[in-house]
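Counting from 1, the numbers follow the sequence of the chain as shown. As the structure is a prediction and not an experimental result, all values here were calculated from the model. Note: hydrogens, waters and symmetry copies are ignored here, and every other heavy atom, side chains too, is used.
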Amino acid sequence: MTRETRPVSWIKAALKEFDTFPEGARSICLAALTIAAEGGKSDIAKPMHGLGSGVFEIALQFKGEALRLVYALQLGDEIWVIHAFQKKSTQGIKTPQREIDLIRERLKRVKEMLG
């Protein structure tokens, strides 16, 4: 039995942000996304609380940088990459509120677009 691989779609701004990640970090994130597309969950992916079910964050420590990639599983048939950012630690492990607000806004936009 073969599992269907779901397509991965990117919000344009998220892809632009992702393109600024170091190459090694990008390939690790893409591998984790591939696992998600195949119906699994990578070890570096964890649910993001407070954003509804099916929203996950790939948390990567890479050469001293904290990189984050946020994706949503339950938007249509695709996996949507909503946001990519480098976390500047101002509050320890907590994701800054402005990033959360941005993720919320983008999730809303994708949902409206998919109608």
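Taking hydrophobic clusters as Ile, Leu, Val, Met, Phe, Trp and Tyr residues chained together by side-chain heavy-atom distances below 4.5 Å, L15 does not share a cluster with F85. Under a hydrophobic clustering in which Ile, Leu, Val, Met, Phe, Trp and Tyr are joined whenever their side-chain heavy atoms come within less than 4.5 Å, directly or via other members, W80 and L30 fall into different clusters. The cluster map of Ile, Leu, Val, Met, Phe, Trp and Tyr, joined by side-chain heavy atoms under 4.5 Å apart, puts V8 and F56 in the same cluster. Hydrophobic clustering (side-chain heavy atoms under 4.5 Å, transitive across Ile, Leu, Val, Met, Phe, Trp, Tyr) groups L33 together with F62. Under the 4.5 Å side-chain contact rule for hydrophobic residues, L69 and I44 share a cluster.
Looking only at side-chain heavy atoms (C-beta outward), K63 and P22 stay at 4.5 Å or farther from each other. Counting heavy atoms from C-beta on, the side chains of K108 and E112 come closer than 4.5 Å. For the pair P47 and V55, the minimum side-chain heavy-atom distance is 4.5 Å or more. By the 4.5 Å heavy-atom criterion applied to side chains, T95 and M48 are counted as neighbours. Two residues are said to be in side-chain contact when any heavy atoms from C-beta on lie closer than 4.5 Å; H83 and I11 fail this criterion. A heavy-atom distance below 4.5 Å is not found between the side chains of V110 and S9. Two residues are said to be in side-chain contact when any heavy atoms from C-beta on lie closer than 4.5 Å; I82 and L75 meet this criterion. Side-chain contact between L51 and I103 is present, with heavy atoms from C-beta onward closer than 4.5 Å.
In terms of modelled atom types and a separation under 3.5 Å, the side chain of K41 and the main chain of A45 share a donor-acceptor contact. In this structure, R26 contributes its side chain and D19 its backbone to a donor-acceptor pair below 3.5 Å.
Contact record, L60 with C29: CD2-SG, 4.0 Å, taken as the closest heavy-atom pair. When every heavy atom of L67 is checked against every heavy atom of A25, the shortest pair comes out as CD1-CB, 3.4 Å. Across every non-hydrogen atom of I35 and S42, the tightest pair is CG2-N, 3.7 Å.
The ring pair (Phe, Tyr, Trp, His ring centres under 6.0 Å) contacts involving residues 13-39 comprise W10-F18, F18-F21, where partners must be two or more places apart or lie in separate chains.
One distance of note links CD of E65 with NZ of K87; it measures 13.0 Å at 0.5 Å rounding. Rounded to the nearest 0.5 Å, atoms CD (E38) and CZ (R6) are 12.0 Å apart.
Residues R106 and E17 are paired through a salt bridge, judged by an N-O separation under 4.0 Å between the basic side chain and the carboxylate.
Residue D101 qualifies as enclosed at atom CG: its count of foreign heavy atoms under 6.0 Å is above 12.
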